[in-house]
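Here's the structure we're looking at; comments come further down.
Here is how names work: the chains are called A, B, and so on, in the same order as the sequence lines, proteins then strands, and each is numbered from 1. The structure presented is a predicted model; accordingly, all values stated were derived computationally and were not measured.
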Amino acid sequence: MNFAEEIIEWYQRNKRDLPWRKTEDPYIIWLSEIIMQQTRVEQGTPYFNRFAEKYPTVELFASASEDEILKLWQGLGYYSRGRNMHQTAQLVMEEHAGYFPKNYDSLIKLKGIGEYTAAAISSFSSNEARAVVDGNVFRLLSRYFGIDTPINTGKGKKLFTDLANELLDKSQAGKFNQAIMEFGSLQCKPKNPDCLSCPLQAACEARKTNRINELPVKIKSLKIRERYFNYIIAQKDGQILINKRGAGDIWENMFDLPLFETEFPSHAHDLIRSEKFISCFGEKVKIRSVSAPVKHILSHQKLHASFIEIESFSDRFLSERSWFYVGQDELEKLAQPKLIFHFFENFHKLNT
DNA sequence: AATCCGGGGGA
DNA sequence: TCCCCAGGATT
């Protein structure tokens, strides 16, 4: 058996029962593919089920507001995916008459759809012969062929994409693509792959040369930025002051609290005497409580957040247009990053 | 080409 | 801790 036959044979016997494999509807496949980007199947599946149930057609998805999409996306991360989906759904309604594209060349033009996702949707929905190259495929091919070209360079991406397209069984592109990813995910795992049970072990170059743990090669240049977030809890008449975040930073268009970011850790008592703080809340502010510092890790940032509950503040000076008061019911409808909704879970428990 | 964009889980 | 996950957009 050749490579394609081996992995397809393996796939038939070992595939998982995933909900989005039961359809050829390009809209539903799109939903699943975007949700699964950089996301484990176990983490993304509940989100897929909720989205597919609430928005069974692209028309219903397009009729939702961005706020609604982000709220349903809450907790999954990489929120630009949700914002891009919202744009794409509306464009599909307007320029594709509500028919979600099935061919690669149309798909690749859509916001949030790159080479991987266009290949996945086109092959799964219409069997177009485009090989998918995701993290699983990079790993499997680099090991099987013993290729140490870094996978996160232009050269590496082209090399592995060309290779995958040569291996592709064009008569059943969709099944081949499912198979190669599933194989990489379950059999050729990143750590401690079970080579003894692997049907490709005899021909695997990494196994022959004992380089399983060194492949694939990836250039790492991750510099983490440390940031200090001082969040203000300001309540009035049972409502709480909320901030809608803007563009150009993390969590775009999502909701958090009035934020005073400092370059270094700062004490609440110093913060409330700062010029900027006073210009917002006045000079007579008292501190009711200060939370223990909370660490929150993002892919490129390490946030140190503290939550400062204030009283006796004046909001005559509230110059920030993005701040507004909401009650409990409204708050629960707002899309919040995990750091924030996790804080509120504890905060409400304390206040009830 | 390099950097940014979340959050979770395994070792 | 470090690495990786059904990646893509921006600079």
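- A:V290 belongs to a hydrophobic cluster with A:I232, A:L241, A:F260, A:L271, A:I272, A:F277, A:F281, A:V285, A:I287, A:I308, A:I310, A:F313, A:L318, A:W323, A:Y325, counting contacts under 4.5 Å between side-chain heavy atoms of Ile, Leu, Val, Met, Phe, Trp and Tyr, direct or through other members.
- Between the C1' atom of B:dG8 and the OH atom of A:Y47 lies a distance of 10 Å, rounded to the nearest Å.
- Within residues 8-22 of chain A, the residues approached by DNA chain C to less than 4.0 Å at the level of any non-hydrogen atom are A:L18, A:W20, A:R21, in residue-number order.
- Among residues at least two apart or in separate chains, salt bridge (Lys or Arg N to Asp or Glu O under 4.0 Å) pairs with a member in residues 208-225 of chain A are A:E205-A:K208.
- Contacts with DNA chain C (heavy atom under 4.0 Å) in residues 132-143 of chain A: A:D134, A:G135, A:N136, A:R139, listed by number.
- Atom CG of A:L76 and atom P of B:dG9 are 12 Å apart (whole Å).
- Figure legend: cation-pi geometry between A:R81 and A:Y78 absent, as NZ or CZ is not positioned both under 6.0 Å from the six-membered ring centre and within 45° of its axis.
- On the nucleic acid side, DNA chain C has its first and last nucleotide under 4.0 Å of a heavy atom of chain A at C:dC3 to C:dA9, going 5' to 3'.
- Nucleotides C:dG8 and B:dG8 are separated by 22 Å at their P atoms, to the nearest Å.
- Position along DNA chain B of the nearest nucleotide to A:S299 versus A:K189 favours A:S299 as the more 5'-ward residue.
- For B:dC5, neither phosphate oxygen OP1 nor OP2 lies less than 4.0 angstrom from any side-chain nitrogen or oxygen of A:W73.
- For CG of A:D249, the number of neighbouring non-hydrogen atoms (other residues, nucleotides, ligands) closer than 6.0 Å is greater than 12.
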Q.
For DNA chain B, please output the secondary structure as dot-bracket, reading 5' to 3'. Pairs are Watson-Crick or G-U wobble, both atom distances under 3.5 Å; mark crossing pairs with [ ], other-strand partners with |, unpaired with a dot.
A. |||||.|||||

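- Contacts between residues 25-39 of chain A and DNA chain B, defined by a heavy-atom separation under 4.0 Å, are made by A:Q38, A:T39.
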Q | Pair A:F3-A:Y144, ring-ring contact (aromatic ring centres under 6.0 Å, His included): steps then yes or no | A | CA-CA 10 Å; A:F3 182 89; A:Y144 183 77; 5.2 Å; yes

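- The ring pair (Phe, Tyr, Trp, His ring centres under 6.0 Å) with A:F51 is formed by just one residue from the set A:Y27, A:W73, A:W30; it is A:W73.
- When atom types are taken as modelled, the side chain of A:R83 and the backbone of A:I69 share no donor-acceptor pair closer than 3.5 angstrom.
- Sorted by residue number, the members of residues 153-175 of chain A with any non-hydrogen atom under 4.0 Å from DNA chain B read A:G154.
- Residues that satisfy the side chain to side chain contact (heavy atoms under 4.5 Å, CB included) test with A:T23, not counting sequence neighbours, are A:D25, A:I28, A:I29.
- Screening A:I108, A:I113, A:T88, A:V92 against A:P101 for a side chain to side chain contact (heavy atoms under 4.5 Å, CB included) leaves a single residue, A:V92.
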Using distance only, find each side-chain donor-acceptor pair of residues 291-306 of chain A under 3.5 Å and give its atom names and separation, not counting sequence neighbours.
residue : atom : partner : partner atom : Å
A:S291  : OG   : A:F307  : N            : 2.9
A:Q301  : OE1  : A:R227  : NH1          : 2.8
A:H304  : NE2  : A:E226  : OE1          : 2.6

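- A donor-acceptor pair under 3.5 Å is formed between the side chain of A:R139 and the backbone N or O of A:C188.
- In terms of phosphate contacts, A:H296 brings no side-chain nitrogen or oxygen within less than 4.0 Å of OP1 or OP2 of B:dG6.
- Distance, A:E42 CD to B:dG7 C1': 14 Å, rounded to whole Å.
- Taking atom CH2 of residue A:W251 and atom P of nucleotide B:dG6, one finds them 8 Å apart after rounding to whole Å.
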Show the atom names and distances, to 0.1 Å, of all donor-acceptor pairs under 3.5 Å that link a side chain in residues 119-132 of chain A to residues at least two apart or in another chain.
residue : atom : partner : partner atom : Å
A:S122  : OG   : A:A118  : O            : 2.8
A:S122  : OG   : A:A119  : O            : 3.2
A:S123  : OG   : A:A119  : O            : 2.9
A:S123  : OG   : A:A120  : O            : 3.2
A:S123  : OG   : A:N177  : ND2          : 2.9
A:S125  : OG   : A:I121  : O            : 2.7
A:S126  : OG   : A:K102  : O            : 3.4
A:S126  : OG   : A:S122  : O            : 2.9
A:N127  : OD1  : A:G174  : N            : 3.1
A:E128  : OE1  : A:Y104  : N            : 3.0

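- A:K191 comes within 4.0 angstrom of a nucleotide base, judged by non-hydrogen atoms across all strands.
- Taking a 4.0 Å limit (strictly below) on heavy-atom distances, residues 112-121 of chain A reaches DNA chain C at A:G112, A:I113, A:G114, A:E115, A:Y116, A:T117.
- Two residues, A:Y78 and A:I219, neighbour DNA chain B, and the one matched to the more 5' nucleotide by heavy-atom proximity is A:I219.
- Place A:K302 and A:E182 on DNA chain C by their nearest nucleotides, and A:K302 ends up nearer the 5' end.
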